Student: 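This is the structure I want to talk about, given as structure tokens.
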Amino acid sequence: MKRLALSLPAILAGLLTGIMAHAQPTPSITLRLDQPGHAVSPGLYGLMTEEINYSYDGGLYAELIRNRIFRDNPMNPDHWSLVEEGGAKGKISLDRSQAINDALTVCLRLDVQHAGSRIGVANEGYWGIPVRPGTSYAASFYAKATQAGPLTLHIESADGKTVYASAQSATIGRDWQQVRLTLTTAGDVRPTADARLVISATDTGQYWFNLVSLFPPTYNHTPNGNRPDIMHLLADMRPAFLRFPGGNYLEGDYFNTRFDWKKTLGALDQRPGHPSPWGYRSTDGMGLYEFLMWCEDLKMEPLLAVFAGYTLKGDQFDDPKFLQPFVDEAIEEIEYIIGDKSTTWGAIRARDGHPAPFPLSYVEIGNEDGFDRSGSYVKRFAQFASAIRARYPQLKIISTVGGRNDFLAARFRTPKENVDVVDEHFYRTSLEMQDMATLYDKHDRSGPKIFVGEWASREGFPTTNFHAALGDAAFLTGLERNSDLVIMSCFAPLFVNVSPGGMQWKSDLIGYDALHSFGSPSYHVQKMFSNNLGDQVVNVEATDLPTQIKPPNRRDSAAGIGPKTIPAMFFSATRDSKAGMIYLKIVNAATAPQALRIDLAGPVNLKSQGNAITIHAGSPDDTNSIAEPDKIVPVTTGIKGLGKHFQQTIPALSVTVLQLQIK
Ligand code: AHR
């Protein structure tokens, strides 16, 4: 029903576009190579991430065991079950009397009355355990027992009938001990996620378990690392930075559920995890150190958002002295990232495995503080910013009152607390995003730079559809054209586990289940844009463009604003001064193909052959999915007849990058 509601205006607009396109003269554009264009921000395209939609747990973070420290639900060992075979009889329960330390306070207890042929505990994973052929899995767990004896691990089918891999531990005794085992599948196993991990005993008595972990091979074989398939999808986007750790996930609902970075460091048995605002508990296996390593692996610069003393439920301190510990915490967090080994937190980072400091240029204070109607951000920002500037004058500071430039102008334009960059967020329909392609064209250039730190055309779910990708592409043409002002941007949310119950936020960029992953059409558009970016903007003048109708949204209607005519084609061009290449991006949101005249103004000529990279769909609702991951992907074809004046036919509903080589 929701899909229909979203797509109907798009279809109507598309039909209108098709009709109107016939009435239009041939659209034409001129690339003004005779005019100086401004430099393109090298950091324009990055990633935004947080724990939402099972982004890390059940997503990028490769851990396969769900509820590994038994704190997901205080009443029940969720995702665990009892395995009883051949007359076995027992029960499982949570036990708080056997804490290992302050993090591992709850364990799973197995009481065995009759051992039968097998009795044990099973974990179902995050919608299954992915089994692949010839693959080694690193298992570890804490265990103790009243009866000395070994424990057996099986990766097996969910019904227990097929064993894919197994291993046996040494004797487990009465004291907690950590067991590490490797389980390897045979080369002829058929990939499946219909599997579970079972730890079984052979004798009567009591058994206790904690921090049960199972890792498949990770990206770069990093211990406690990431899923290779998802990392490869990200690497292909060539992102310049990673904005982390949120989002609402940074803030938490309350002070004690914020992203408390100190509790995310060190060995896994020191990490208690925490409840997140997105309705499930985070393991914090993806902790501050892992975020930084993720950046290093993909050659992204960390863009750190620090908790700014304000929670999602609106808690904050009026008195600056109560805020000061959080300011101190932010300074320490920065020291963990960029302090050398002689500093307190730089030394802890070195202990964690990375003696060299990480790069860091930008620090963001809070998240979406434009929503803080109490006005406390003005003071909070000032307190954080002046402390950060005093200690780290080289860092640029990002304010999060996105879009509220009046607010900024009035309150922050003081010499000391000047804002370097403002983070603006836009979640809109595709047509709204297309309408926003010109948002920054006439924007005041005398104020702070702009970081579009969260944005998306929200159509289609769990991942976006092709109509959304058109809105995204149109909006991105505006960001590229204005990249003297808009220095960074990142789509959000980045990830969604598409399994039932995995999604909290619709319209995400990359989807996956336990075994597969895929990029949405929007993902492919992002990839096309970031992989084809020059270092100088080329001004584009356009005439006779086809148009389309943007229906009013609820806010427009309430304000008496009716339908609006907007263009159905969008452009941006950049020039790579070293490679002698012009990248011309063309978005055709019309439902009819468009003949397009392209003229080059200035002392530049092109080689007659180039490439067209095109992504298009038969219908705006078309999308990619687990079943059809490559339904809509870019295709590269050679093009001929290029020169100072040439014509191209731009397919209906398409995004095209023309790679034009300068002679
Ligand atoms: O991206 C989802 C959420 O949208 C983010 O957590 C928050 O910053 C925004 O409101």
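Side-chain atoms are counted along with the backbone in the values below, which use heavy atoms only and exclude waters and symmetry mates. Note that the coordinates shown come from a computational prediction; the quantities given were computed from them, not determined experimentally. Just follow the structure's listing: the first ligand is 1, and inside any ligand the first atom is 1.
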Student: Thinking salt bridges, do Arg380 and Asp372 make one under a 4.0 Å N-O criterion?
Tutor: yes
Student: Look at ligand 1 and say whether Gly246 reaches it with a heavy atom at a distance under 4.0 Å.
Tutor: no
Student: Tell me the side chain to side chain donor-acceptor pair (under 3.5 Å) pairs involving residues 292-301, sequence neighbours left out?
Tutor: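 Output for this query lists Asn220-Asp297, Glu296-His354, Glu301-Ser361.
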Student: As an exercise, identify every atom of ligand 1 less than 4.0 angstrom from a heavy atom of Tyr427.
Tutor: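 Going through ligand 1 atom by atom, the ones under 4.0 Å from Tyr427 are 1 (O), 2 (C), 4 (O).
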Student: Measure up the Phe255 and Phe307 rings against each other and bin them: parallel (under 30°), tilted (30 to 60°), perpendicular (over 60°).
Tutor: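 Ring orientation of Phe255 relative to Phe307: perpendicular.
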Student: Say whether Trp278 and ligand 1 are in contact under the criterion: heavy-atom distance to a ligand atom below 4.0 Å.
Tutor: yes
Student: Which is closest to atom 10 (O) of ligand 1 in terms of heavy atoms, Glu368, Glu51, Gln504?
Tutor: Glu368
Student: Within the 3.5 Å criterion, strictly below it, is a donor on Tyr56 or Thr49 matched to an acceptor on the partner's side chain?
Tutor: yes
Student: Just to be sure I'm reading this right: ignoring hydrogens, which of Glu454, Glu50, Met48, His425 gets closest to atom 9 (C) of ligand 1? Compare them by their nearest heavy atoms.
Tutor: Glu454
Student: Kindly assign one of parallel, tilted or perpendicular to the pair Phe495 and Tyr512, based on the angle between their ring planes and the thresholds 30° and 60°.
Tutor: perpendicular
